[in-house]
Amino acid sequence: MTQTEEMKTKNGTKLKKARNILLKTIGAIVIVIVLFLGIVYSVNVISNLSEQKRIEPYGQHVSVDGKNMNVLIQGNGEETVVLLPGYGTAAPALDYKPLVEELSPFYKVVVIEPFGYGLSDVTEKERSIENIVSETHEALQSLNIDRYILMAHSISGIYGLDYVNKYPNEVSAFVGIDSSVPTQGGTDDEFPTETYKLLKNSGFFRLLMKLSPDQLVTPIVDDETKEQIRILSLKNMFNPNILNEGENFNHNFKAAQNLTFPKNLPVIFFLQANDTETEGWIPLHEEQVKNSVHGKVITMEGEHYLHHTKYKEIAENFMGFMKEIK
């Protein structure tokens, strides 16, 4: 064997060894990734089963369209306040707890948990504005509640606008808590349903929640209530109704674009003073009440979930507003 041939043989052996090492390394990495994904998935499945047994019932069920819708009723006041949640709120009755406690000494307070929210069933019906509004009305009818003040957070501002136009003889006033406006823009973006499904089904949503607990937005409540909110967040987040509602954003906002609040309906908005996400947030709401006989906009320092941090101020200003219009 010549020196050249010998060098080629040695180089070939080295390359073969290097290739084998590389393949083994890649194989080991793949095995580690597969094991990691398997562990994340398994932990999520086991935790889901375990947590189902730890859910503490609250409120009561009413029959709506043949399914159970959960509602919480607190207080015995002569007037009734009906609270509607923001999009994806895992447990509306628990999310509104501080505000309910502020209002219930003076009002009968009803928190509606739409299908797919809180302890309500999941429905097969499309999460269109028409169905959501109709189901909310049916729930109130089942409870023999036919005169009330509608108080809505975030996207329920859209549903509430449709609601007051469909049932004007039932709603005595409307209160928006940083509520959505039909013309706010950004609602025609494609909703990433498949991404959210993957996050939920793979267990990575649970992992992200574990690594970054501050993702769980909760009001000022006791630790037991916070834990219930966490469990229900993991249970309800990205369920079929929540995903379908997201897919209907564009339809629902467009359906409300030509609607206005009835002129004689008292309307008050509580808005975050420095919204950096939506251009013209305050002027958009001022436009909504400009023709109202009783219309008011109050800004507050805080973030989107004002009822978590400013519940006392909201309750106080709301009751003051109701006294003014009387």
Side-chain angles (χ1 to χ4, degrees), residues 82-89 92 112 114 117 126-137 149-168 170-193 241-307 310 314 317-318 321:
V82 175
L83 288 162
L84 304 178
Y87 174 66
T89 301
I112 301 288
Y117 288 65
E126 197 75 15
R127 293 299 80 207
S128 64
I129 189 170
E130 296 84 0
N131 288 339
I132 291 170
V133 167
S134 173
E135 290 159 3
T136 301
H137 184 252
I149 299 156
L150 212 56
M151 190 175 288
H153 173 238
S154 197
I155 198 172
S156 281
I158 300 299
Y159 308 143
L161 179 57
D162 184 69
Y163 196 106
V164 300
N165 279 277
K166 282 183 175 160
Y167 310 106
E170 296 184 22
V171 183
S172 58
F174 180 86
V175 183
I177 303 174
D178 219 43
S179 49
S180 300
V181 181
T183 53
Q184 67 186 55
T187 60
D188 53 357
D189 298 336
E190 187 176 350
F191 192 78
T193 299
N241 285 172
I242 301 298
L243 291 175
N244 188 251
E245 188 179 352
E247 292 167 350
N248 272 283
F249 278 166
N250 193 26
H251 164 80
N252 292 341
F253 274 79
K254 281 185 176 178
Q257 277 184 2
N258 294 322
L259 297 176
T260 58
F261 285 103
K263 185 178 179 180
N264 292 320
L265 179 72
V267 178
I268 182 170
F269 292 122
F270 296 101
L271 308 175
Q272 53 175 320
N274 299 300
D275 186 318
T276 57
E277 293 184 11
T278 307
E279 187 177 349
W281 186 241
I282 295 171
L284 283 170
H285 289 83
E286 290 173 337
E287 178 71 19
Q288 281 194 304
V289 297
K290 71 176 184 180
N291 294 319
S292 297
V293 173
H294 302 289
K296 195 169 187 178
V297 174
I298 295 178
T299 60
M300 295 179 168
E301 294 299 325
E303 298 184 354
H304 185 49
Y305 289 83
L306 288 172
H307 57 283
K310 300 292 182 179
I314 289 172
N317 282 279
F318 159 65
F321 176 72

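When reading the values below, keep in mind they use all heavy atoms of this one structure, side chains included, and skip hydrogens, waters and symmetry mates.
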Which value, rounded to the nearest 0.5 Å, describes the distance between Phe191 atom CZ and Asn248 atom CG? 10.5 Å
Which atom names give the shortest non-hydrogen contact between His285 and Phe269, and what distance separates them? O-CE1, 3.6 Å
Passes side-chain contact (heavy atoms from CB on, under 4.5 Å), Ile242 versus Tyr117? Steps please. CA-CA 8 Å; Ile242 301 298; Tyr117 288 65; 3.4 Å; yes
Atom CD of Glu130 and atom CD of Glu135: how far apart are they, to the nearest 0.5 Å? 11.0 Å
Is there a donor-acceptor contact under 3.5 Å from the side chain of Ser128 to the main chain of Asn131? yes
Supply the atom-to-atom distance Asn258 CG to Thr183 OG1, rounded to the nearest 0.5 angstrom. 10.5 Å
Arg127 and Ile132: CA distance, side-chain angles, deciding distance, side-chain contact (heavy atoms from CB on, under 4.5 Å) verdict: CA-CA 6 Å; Arg127 293 299 80 207; Ile132 291 170; 3.7 Å; yes
With Asn165, which of Leu265, Leu259, Val133 fulfils side-chain contact (heavy atoms from CB on, under 4.5 Å)? Leu259
A side-chain contact here means heavy atoms from C-beta on lying under 4.5 Å apart; do Pro92 and Leu83 qualify? no
Hey, can you pull the donor-acceptor pairs under 3.5 Å for the side chains in residues 171-180, sequence neighbours left out?
from: Ser172; atom 1: OG; to: Tyr148; atom 2: O; distance (Å): 3.2
from: Asp178; atom 1: OD1; to: Gln272; atom 2: N; distance (Å): 3.0
from: Asp178; atom 1: OD1; to: Trp281; atom 2: NE1; distance (Å): 2.8
from: Asp178; atom 1: OD2; to: Gln272; atom 2: NE2; distance (Å): 2.9
from: Asp178; atom 1: OD2; to: His304; atom 2: ND1; distance (Å): 2.7
from: Ser180; atom 1: OG; to: Ser154; atom 2: O; distance (Å): 3.2
from: Ser180; atom 1: OG; to: Ile155; atom 2: N; distance (Å): 3.3

Step through the shown structure and confirm whether more than 12 heavy atoms of other residues, nucleotides or ligands are within 6.0 Å of CG on Asp189. yes
Derivation and outcome, side-chain contact (heavy atoms from CB on, under 4.5 Å), residues Tyr159 and Asn252: CA-CA 8 Å; Tyr159 308 143; Asn252 292 341; 3.8 Å; yes
Of all heavy-atom pairs linking Ala255 and Ile129, the shortest is CB-CG2, 3.8 Å
Can you name the ring pair (Phe, Tyr, Trp, His ring centres under 6.0 Å) partners of Phe318, sequence neighbours left out? Tyr107
For the atom pair CG (Leu150) and OH (Tyr167), what is the distance rounded to the nearest 0.5 Å? 11.5 Å
For side-chain contact (heavy atoms from CB on, under 4.5 Å), just list the numbers for Leu161 and Gln288, CA-CA rounded to whole Å, side-chain angles, deciding distance to a tenth of an Å, and then say yes or no. CA-CA 10 Å; Leu161 179 57; Gln288 281 194 304; 4.0 Å; yes
Report the distance from atom CD of Gln184 to atom CZ of Phe253, rounding to the nearest 0.5 Å. 4.5 Å
Smallest separation among heavy atoms of Pro182 and Ile158, with atom names: N-CD1, 3.4 Å
Can you say whether the rings of His153 and His307 are parallel (under 30°), tilted (30 to 60°) or perpendicular (over 60°)? perpendicular
Less than 6.0 Å separating the ring centroids of His251 and Phe249? no
Here the pair of heavy atoms bringing Ile314 nearest to Phe270 is O-CZ, 3.6 Å
Count the heavy atoms belonging to other residues, nucleotides or ligands that lie under 6.0 Å from CD of Gln257, then report whether that count exceeds 12. yes
Is Lys166 atom NZ crowded by more than 12 heavy atoms from other residues, nucleotides or ligands, each under 6.0 Å away? yes
Taking the side chain from Thr299 and the backbone from Leu271, do they hold a donor-acceptor pair closer than 3.5 Å? no
Looking only at heavy atoms, the pair that brings Ile282 and Ala273 closest together is CD1-O, 3.8 Å
Between CD of Glu303 and OG1 of Thr276, what distance do you get to the nearest 0.5 Å? 9.0 Å
Among residues two or more places apart or on two chains, list those pairs meeting salt bridge (charged side-chain N to carboxylate O under 4.0 Å, His left out) that have a residue in residues 259-281. none
Report yes if the side chains of Lys296 and Asn317 come closer than 4.5 Å at any heavy-atom pair, otherwise no. no
